[in-house]
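Before I ask anything, let me first share the structure, which is written out below as structure tokens.
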Amino acid sequence: AKRDGRSSYRYFSPEMNVSILEHIQLEQRLRRAVLQGEFFLCYQPLVNLSDRSIIGVEALIRWRDPKFGLISPEQFIPMAEETGLIEPIGEWVIEQALIDLHVWHSMGYMINMAVNVSGRQLINNNQTDFDLVIDKLLKKYDIKPKHLHIEITESMLMDDTEQCLHALKAIRDLGMDIYIDDFGTGYSSLSYLKRFPISVIKIDKSFVDNMLDCQSDANLIKAIVMMGKSLELKLVAEGIETEEQLQFLKSLGCDFGQGYLISHPLPNQELTALLEKSYFP
Ligand code: C2E
Ligand code: CA
Ligand code: CA
Ligand code: CA
């Protein structure tokens, strides 16, 4: 460990030094990406399982770094949350999503737009409340609140519960729907579903993946669907990749679905082409 006498390196393996450097580099690149506008959105359709009509899309952020190419949101969203960069990034996502939605609405495609929102966006807006920011953007792009939906994760509700509740109620009062994302993977108690102004449950992909081979996952989905229905919530299954999965979810009474079987997330022009081909009101 003392190889070259530089004791300051003693406690760090070479791998650790690299990862700290990479961490710092990623943060610097992310800061620059915000300034240079290196992000774009892809949109994944959400369909009615009964007739497969497209009723909405989910906006999913993409980052193309000039040197490293596409970087997955799973890699940079946690960093953005840590550094506070999620605030400008998150606001950009909502504005860009509304710009595209305005175009689709003006073409007659009256779809809904769902955006993923991090906890820090909801409660760390020290200058303006989140609902006021949203309200301003909705008016700017002439979008009715009922067409903009917010996806939050279970784990998000666990931190800063009271502040989240307050922010979510304000959003709900505007007339927007709130989805609980990745449902079943967190640790929230069922009472959260009643306490929070949620209208849609998104069943996590991991259960959909296994439900046809694993009886306990199938039972779990059945239980989620039954519970959701008894609370008068809508249900979305994510990550549907096969026809068998779609049929099974439909037979359970799940309302909506998303997944590669139906469509991958698409850049806006490709989504327009898909709507031209397969949108029916
Ligand atoms: P998520 O919200 O659970 O989004 C679903 C992820 O599953 C997306 O990955 C989507 O491309 C992928 N997916 C959809 N259908 C299928 C399928 O049939 N099979 C498989 N294998 N995957 C499928 P993506 O786009 O890489 O996003 C990953 C996560 O990053 C999202 O998970 C979300 O938590 C986060 N994220 C993405 N965009 C944003 C954003 O604008 N803001 C925030 N705060 N988080 C975002
Ligand atoms: Ca989501
Ligand atoms: Ca999800
Ligand atoms: Ca997820």
Side-chain angles (χ1 to χ4, degrees), residues 30-31 33-46 54-63 73 76-77 80-81 83-153 156-157 160 163-181 196-200 202 236 258 265-269 271-272 275:
L30 194 56
R31 281 189 195 284
V34 173
L35 296 173
Q36 314 256 318
E38 292 168 2
F39 303 106
F40 63 100
L41 294 179
C42 280
Y43 297 99
Q44 187 175 36
L46 184 114
I54 300 173
I55 54 156
V57 292
E58 175 181 4
L60 293 158
I61 194 168
R62 300 289 176 261
W63 172 20
F76 70 85
I77 291 290
E81 287 171 345
T83 54
L85 287 168
I86 194 65
E87 290 181 50
I89 293 172
E91 202 172 322
W92 176 84
V93 168
I94 295 170
E95 179 148 25
Q96 188 58 50
L98 291 177
I99 289 171
D100 288 331
L101 188 63
H102 176 83
V103 173
W104 289 319
H105 281 185
S106 64
M107 296 170 90
Y109 305 124
M110 298 310 289
I111 56 174
N112 301 317
M113 174 66 68
V115 294
N116 294 285
V117 167
S118 299
R120 210 165 153 173
Q121 277 175 270
L122 277 187
I123 60 178
N124 243 22
N125 241 300
N126 18 29
Q127 285 109 357
T128 330
D129 286 342
F130 186 69
D131 60 299
L132 295 180
V133 173
I134 300 255
D135 195 41
K136 208 177 92 196
L137 290 172
L138 287 168
K139 292 198 168 96
K140 183 170 174 191
Y141 297 103
D142 191 25
I143 304 287
K144 291 201 178 71
K146 66 169 184 183
H147 286 124
L148 181 62
H149 302 169
I150 296 291
E151 297 194 7
I152 55 168
T153 58
M156 211 194 91
L157 301 182
D160 303 298
Q163 275 178 290
C164 277
L165 185 58
H166 182 78
L168 291 174
K169 277 186 173 151
I171 289 171
R172 182 74 207 129
D173 286 345
L174 282 178
M176 296 167 58
D177 276 350
I178 297 164
Y179 296 25
I180 187 150
D181 203 353
F196 283 84
I198 285 154
S199 37
V200 180
K202 282 189 97 166
V236 180
Q258 246 181 330
L266 303 171
N268 60 3
Q269 289 179 351
L271 191 89
T272 303
L275 289 169

Give, for atom CG of Asp129 and atom CD1 of Ile134, the distance between the pair rounded to the nearest 0.5 Å.
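Those atoms lie 11.5 Å apart.
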Intermediate values then yes/no, side chain to side chain contact (heavy atoms under 4.5 Å, CB included), Ile61 and Leu41:
CA-CA 5 Å; Ile61 194 168; Leu41 294 179; 4.1 Å; yes
Between Gln258 and Lys202, is a side chain to side chain contact (heavy atoms under 4.5 Å, CB included) present by the stated rule, with each step listed?
CA-CA 10 Å; Gln258 246 181 330; Lys202 282 189 97 166; 2.8 Å; yes
Measure the CG-CH2 distance between Leu271 and Trp104 for me, rounded to the nearest 0.5 Å.
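Leu271 atom CG to Trp104 atom CH2 measures 4.5 Å (nearest 0.5 Å).
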Checking side-chain contact (heavy atoms from CB on, under 4.5 Å) between Leu168 and each of Val117, Ile198, Ile152, which is the one that passes?
Ile152
Looking only at non-hydrogen atoms, find the nearest pair between Val115 and Ala59 and report the distance.
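The pair with the smallest heavy-atom distance is CG1-CB, 4.1 Å.
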Tell me, please, which residues at least two apart from Gln163 pass side-chain contact (heavy atoms from CB on, under 4.5 Å).
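Ile123, Asp160.
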Check Pro45 against Ile54 and note the closest heavy-atom contact, atom names and distance.
CB-CG2, 4.3 Å
Run the side-chain contact (heavy atoms from CB on, under 4.5 Å) test against Asn112 and tell me which residues pass, sequence neighbours left out.
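His147, His149.
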In Å and rounded to the nearest 0.5 Å, what is the CG to CD1 distance from Leu46 to Ile55?
4.5 Å
Only pairs at least two apart or in different chains count here, so list each salt bridge (Lys or Arg N to Asp or Glu O under 4.0 Å) that has a residue in residues 163-173.
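Of all non-adjacent pairs touching residues 163-173, those that pass salt bridge (Lys or Arg N to Asp or Glu O under 4.0 Å) are Arg172-Asp177.
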Please round to the nearest 0.5 Å and tell me the distance separating atom CZ of Phe76 and atom CZ of Arg62.
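If we round to the nearest 0.5 Å, Phe76:CZ and Arg62:CZ are 8.0 Å apart.
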For residues Ile150 and Met176, determine if any side-chain heavy atom of one lies less than 4.5 Å from a side-chain heavy atom of the other.
yes
Which residues pass the side-chain contact (heavy atoms from CB on, under 4.5 Å) test with Val200, sequence neighbours left out?
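By the side-chain contact (heavy atoms from CB on, under 4.5 Å) rule, Val200 matches Tyr179, Lys234, Val236.
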Identify every side-chain donor-acceptor pair in residues 96-103 under 3.5 Å, counting partners at least two apart or on other chains, and give the distances.
from, atom 1, to, atom 2, distance (Å)
Asp100, OD1, Asn268, ND2, 3.0
Asp100, OD2, Tyr43, OH, 2.6
His102, ND1, Tyr141, O, 2.8

Can you check side chain to side chain contact (heavy atoms under 4.5 Å, CB included) on Phe196 and Ile180, steps first, answer last?
CA-CA 10 Å; Phe196 283 84; Ile180 187 150; over 6 Å; no
Hits for side-chain contact (heavy atoms from CB on, under 4.5 Å) against Ser118, two or more places apart or cross-chain, chain-then-number order -> Ile77, Glu81, Ile86, Gln121
Going through the checks in order, is the side chain to side chain contact (heavy atoms under 4.5 Å, CB included) test met by Leu30 and Trp63?
CA-CA 9 Å; Leu30 194 56; Trp63 172 20; 3.6 Å; yes
One should read off an interatomic distance between Leu148 CG and Leu174 CG, to the nearest 0.5 angstrom, of 9.5 Å
Qualifying residue for side-chain contact (heavy atoms from CB on, under 4.5 Å) with Pro145, from Ile171, Asp135, Leu138, Asp131:
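The option that passes is Leu138.
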Minimum-distance pair of heavy atoms, taken over all atoms of Pro267 and Cys42:
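Nearest pair, atom of Pro267 first, then Cys42: N-SG, 3.8 Å.
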Show the nearest heavy-atom pair for residues Ile111 and His105, with the distance to one decimal.
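Distance-wise, the nearest heavy atoms are O-NE2, 2.9 Å.
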Output the distance between atom CE (Met113) and atom CD1 (Ile143), rounded to the nearest 0.5 Å.
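Met113 CE to Ile143 CD1: 8.0 Å, rounded to 0.5 Å.
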Which atom names give the shortest non-hydrogen contact between Ala114 and Glu151, and what distance separates them?
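Taking Ala114 first and Glu151 second, the nearest heavy atoms are CB-OE2, 3.5 Å.
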